[in-house]
Amino acid sequence: MWWRILLIILAYLVLGAHFLRYGNALVAVPVALLPALLLTRRPWSVLVIQVGLVLSTLLVWLPTAHRLISMRIAFEQPWMRMAVILGTVMLCNLLIAWSANRIRTKFQQ
């Protein structure tokens, strides 16, 4: 179970770093600290973490990928590697959210 929690922490740190990269520290800090909710050991905290990962995929990573791909295509620069990297980030976020179901089951016992 510890590796699932570590993956959740890493996913949120990457998301926080994304916000910090664009100078948005007011969002980066709470996002990076969100996995601390797991310390409550309540099933609802895992649900909040899962919803956050899915929403970050849909509302942050997907638009970012689209914007960067469009920009690179417009400037006739290579874009495939960047698309693969961001696609992997999105897939990992969704898989981490799915794997957190096991944590929620443990917290219910």
Side-chain angles (χ1 to χ4, degrees):
M1 184 169 78
W2 64 270
W3 61 270
R4 287 182 170 96
I5 294 173
L6 180 63
L7 288 175
I8 289 169
I9 292 169
L10 288 175
Y12 275 98
L13 285 176
V14 169
L15 183 61
H18 171 76
F19 285 117
L20 198 57
R21 167 72 176 93
Y22 290 102
N24 201 345
L26 292 176
V27 176
V29 172
V31 163
L33 293 176
L34 196 62
L37 274 178
L38 294 175
L39 294 174
T40 64
R41 300 188 58 85
R42 303 276 186 214
W44 62 264
S45 65
V46 180
L47 186 61
V48 169
I49 295 292
Q50 288 175 306
V51 168
L53 285 171
V54 171
L55 286 178
S56 70
T57 300
L58 296 175
L59 301 176
V60 177
W61 295 120
L62 193 60
T64 299
H66 181 267
R67 186 178 66 248
L68 292 176
I69 289 170
S70 298
M71 188 177 3
R72 285 185 165 260
I73 290 173
F75 288 118
E76 297 178 356
Q77 293 179 338
W79 57 272
M80 188 63 71
R81 181 179 59 186
M82 188 264 321
V84 168
I85 291 169
L86 282 174
T88 303
V89 169
M90 289 185 276
L91 180 63
C92 285
N93 269 2
L94 295 175
L95 288 174
I96 291 167
W98 175 72
S99 74
N101 283 330
R102 185 83 161 166
I103 298 171
R104 191 168 36 164
T105 305
K106 289 277 189 186
F107 285 175
Q108 287 174 344
Q109 295 175 354

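Count residues from 1 along the sequence.
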Check the pair L94, W98 against side chain to side chain contact (heavy atoms under 4.5 Å, CB included), reporting the backbone distance first and the verdict last.
CA-CA 6 Å; L94 295 175; W98 175 72; over 6 Å; no
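Contact of the N101 side chain with the R104 side chain is registered, since non-hydrogen atoms from C-beta on lie closer than 4.5 Å. In this structure, the side chains of Y22 and V27 stay at 4.5 Å or more apart for every pair of heavy atoms. Side-chain contact between L15 and F19 is present, with at least one heavy-atom pair separated by less than 4.5 Å. A 4.5 Å side-chain heavy-atom check between T57 and L62 finds every atom pair outside the cut-off.
L95 and L58 sit in two unconnected hydrophobic clusters of ILVMFWY residues. Membership requires side-chain heavy atoms under 4.5 Å apart, directly or through other members. Residues L20 and L26 do not share a hydrophobic cluster, defined by chaining ILVMFWY side chains whose heavy atoms lie under 4.5 Å apart.
With rounding to the nearest 0.5 angstrom, the CG atom of L39 is 9.0 Å from the OG atom of S45. Taken to the nearest 0.5 Å, the SG atom of C92 stands 11.5 Å off from the CH2 atom of W61. Put simply, CG on L10 and CD1 on I5 are 12.0 Å apart, with the number rounded to the nearest 0.5 Å. In this structure, the separation between CG on L33 and CD1 on I9 is 11.0 Å, given to the nearest 0.5 Å. Separation of atoms CG (N93) and CG (L55) is listed at 11.0 Å; rounding is to 0.5 Å. Interatomic distance, CG of L37 versus CG of L47, reported as 11.0 Å (0.5 Å rounding).
A pairwise comparison of heavy atoms in P30 and A25 identifies CD-O, 4.3 Å as the closest pair. Heavy atoms only, all atoms of each residue included: A28 and G16 are closest at CB-O, 3.3 Å. Residues V46 and A100 share a closest heavy-atom pair of CG1-O, 3.3 Å. Contact detail for F107 and P43: the closest heavy-atom pair is CB-N, 4.1 Å. Taking both residues in full, the closest heavy atoms of I49 and L38 are given as CG1-CD2, 4.1 Å, listed atom of the first, atom of the second, then distance.
Distance alone, capped at 3.5 Å, is enough to place a donor-acceptor pair between the Y12 side chain and the L53 backbone.
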Quiz: residues 64-81 side-chain donor-acceptor pairs under 3.5 angstrom, not counting sequence neighbours:
from : atom 1 : to  : atom 2 : distance (Å)
T64  : OG1    : V60 : O      : 2.6
S70  : OG     : H66 : O      : 2.9
R72  : NH1    : P78 : O      : 2.7

